[in-house]
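Here is the naming used below: chain letters follow the sequence lines, and residue numbers restart at 1 for every chain. In this text the structure is predicted, and so the values were computed from the model without any measurement.
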Number of protein chains: 2
Amino acid sequence: MLFAEHGVGGTSLQMIAERIGVTKAAVYHQYNTKAEIIRAVAEAELDRLEMVLDEADAEGDAARKRDAVIIGVVDLAVERRRQVGTLLNDPVIARMYSKDERLLRVLGRLDQLVMGPDAGPGSALETAMLTAAISGAVIHPLVAHQKDDILRSELVRLVRRLLSLPV
Amino acid sequence: MLFAEHGVGGTSLQMIAERIGVTKAAVYHQYNTKAEIIRAVAEAELDRLEMVLDEADAEGDAARKRDAVIIGVVDLAVERRRQVGTLLNDPVIARMYSKDERLLRVLGRLDQLVMGPDAGPGSALETAMLTAAISGAVIHPLVAHQKDDILRSELVRLVRRLLSLPV
DNA sequence: GTCTATAGAATGATAGAC
DNA sequence: GTCTATCATTCTATAGAC
């Protein structure tokens with residue numbers, strides 16, 4: 001993904017068109033502005049996260065929902081290392097979505113699923129740290145070379161420890 | 001900081017010059033290329049991190065070093081929320097420093113100080129998660145509004161939990 | 001839908017005066 | 001050291017042919 005390679009602000013429509021294999025004009029036929037492209041990419045990533053939440057929410061009780069969402073989010077982050085980090089960390093997207101109600105709603109749902117229905121308002125920091133830890137760890141210089149399956153199991157273990165859950 | 005606001009790739013020399021209050025030509029008198037500016041900013045941030053490590057290393061035993069580095073890194077991240085995230089997450093800097101020996105050496109030192117002298121190679125992921133969690137949490141949408149002092153104490157508490165340390 | 005061609009602004013970088 | 005002026009290139013975006 002180009003946004004993850006050069007940052008959103010450092011990616012031009014020329015690059016995007018060349019990567020796809022068409023001209024700029026063809027890209028502009030699908031999207032009217034660069035902002036629209038950014039939005040489409042961010043929304044697609046949010047779709048994936050929401051699917052993970054939906055699947056977890058289909059579980060029976062709160063504990064199973066929580067376990068499912070932890071595994072699901074870790075899987076998503078490992079599978080799409082760079083993209084998840086871009087969504088959460090790129091300053092252009094951050095500015096675009098700082099007041100976006102969908103992003104806040106999805107993060108709120110994640111918070112509820114992870115921390116349980118009786119979570120107070122103080123749980124936000126814990127959830128923030130959780131998502132930051134996962135999305136940041138998978139692209140960290142110290143971990144860049146790590147194999148997917150080892151990364152997955154270790155991340156789940158550390159996340160559970162962060163949440164004071166039994167491993 | 002402009003790099004934190006628009007990303008490194010999305011920041012132009014025009015913007016930098018205007019922010020300082022001079023012309024582009026004046027900036028080019030100090031730095032020969034844009035890459036040189038990026039490097040200077042990243043090095044300054046690394047300097048700060050290394051100073052924190054130096055102070056922690058001056059403590060007596062391993063446990064005190066570890067406690068000092070946790071508090072120092074959290075303080076640094078809260079004090080410079082955006083900048084720390086930029087150094088660790090911006091793809092342009094990441095590419096520039098992916099094979100930089102100084103960055104790897106500093107992160108290695110951090111790993112040693114946090115995990116102790118008897119830490120195995122598996123500790124890298126734990127340290128990666130730690131730095132990612134701290135640097136990512138402080139700029140997270142769910143936490144952006146949080147006051148500095150509360151953020152500081154809560155982060156230290158959660159970091160210690162992540163490391164299985166007594167709070 | 002995709003192309004060529006182009007407009008007008010912004011980009012990184014340089015030359016030369018003060 | 002800082003300025004104005006400029007260079008070649010690239011940028012976002014549009015017009016119009018096929």
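Taking the ring axis of B:Y31 as reference, the NZ or CZ atom of B:R39 does not stay both within 45° of it and closer than 6.0 Å to the ring centre.
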N/O donor-acceptor pairs under 3.5 Å from side chains in residues 65-75 of chain A, not counting sequence neighbours:
from	atom 1	to	atom 2	distance (Å)
A:K65	NZ	A:D57	O	3.4
A:K65	NZ	A:D57	OD1	3.1
A:D67	OD1	A:R160	NH1	3.0

Output side-chain donor-acceptor pairs under 3.5 Å for residues 137-145 of chain A, partner residues at least two apart or in another chain, one line each.
from	atom 1	to	atom 2	distance (Å)
A:H140	ND1	A:L142	N	3.1
A:H140	NE2	B:T131	OG1	2.7

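A salt bridge is defined here as a Lys NZ or Arg NE, NH1 or NH2 lying under 4.0 Å from an Asp or Glu carboxylate O, and B:R19 with B:E5 meets this definition. Checked for salt-bridge contact, B:R161 and A:E126 meet the test: a charged N lies under 4.0 Å from a carboxylate O.
First and last contacting nucleotides of DNA chain C toward chain B (any atom under 4.0 angstrom from a heavy atom, 5' to 3' order): C:dT11 to C:dA15.
The number of heavy-atom neighbours closer than 6.0 Å to CZ of B:R157, taken from other residues, nucleotides and ligands shown, is above 12. Few gaps surround CE on B:M1; more than 12 heavy atoms of other groups in view lie less than 6.0 Å from it.
Nearest to the side-chain atoms of B:A25 among the listed nucleotides D:dA15, D:dT12, D:dT4 stands D:dT4.
Under the side-chain contact (heavy atoms from CB on, under 4.5 Å) criterion, A:N32 pairs with A:E36, not counting sequence neighbours.
Side-chain atoms of A:D100 and A:L104, non-hydrogen and from C-beta on, never get closer than 4.5 Å to each other.
Atom-to-atom, CG of A:L2 to P of D:dC11 comes out at 12 Å; the value is rounded to the nearest Å.
The stretch residues 28-36 of chain A touches DNA chain C through A:H29, each having a heavy atom within less than 4.0 Å of the strand. Of the residues in residues 4-16 of chain A, none lies under 4.0 Å from DNA chain C by heavy-atom distance.
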**Message:** What verdict does the side-chain contact (heavy atoms from CB on, under 4.5 Å) test give for B:H6 and B:L2, after you've listed the backbone C-alpha separation in whole Å, the side-chain angles of each residue and the deciding distance to 0.1 Å?
**Reply:** CA-CA 6 Å; B:H6 305 101; B:L2 282 166; 3.9 Å; yes
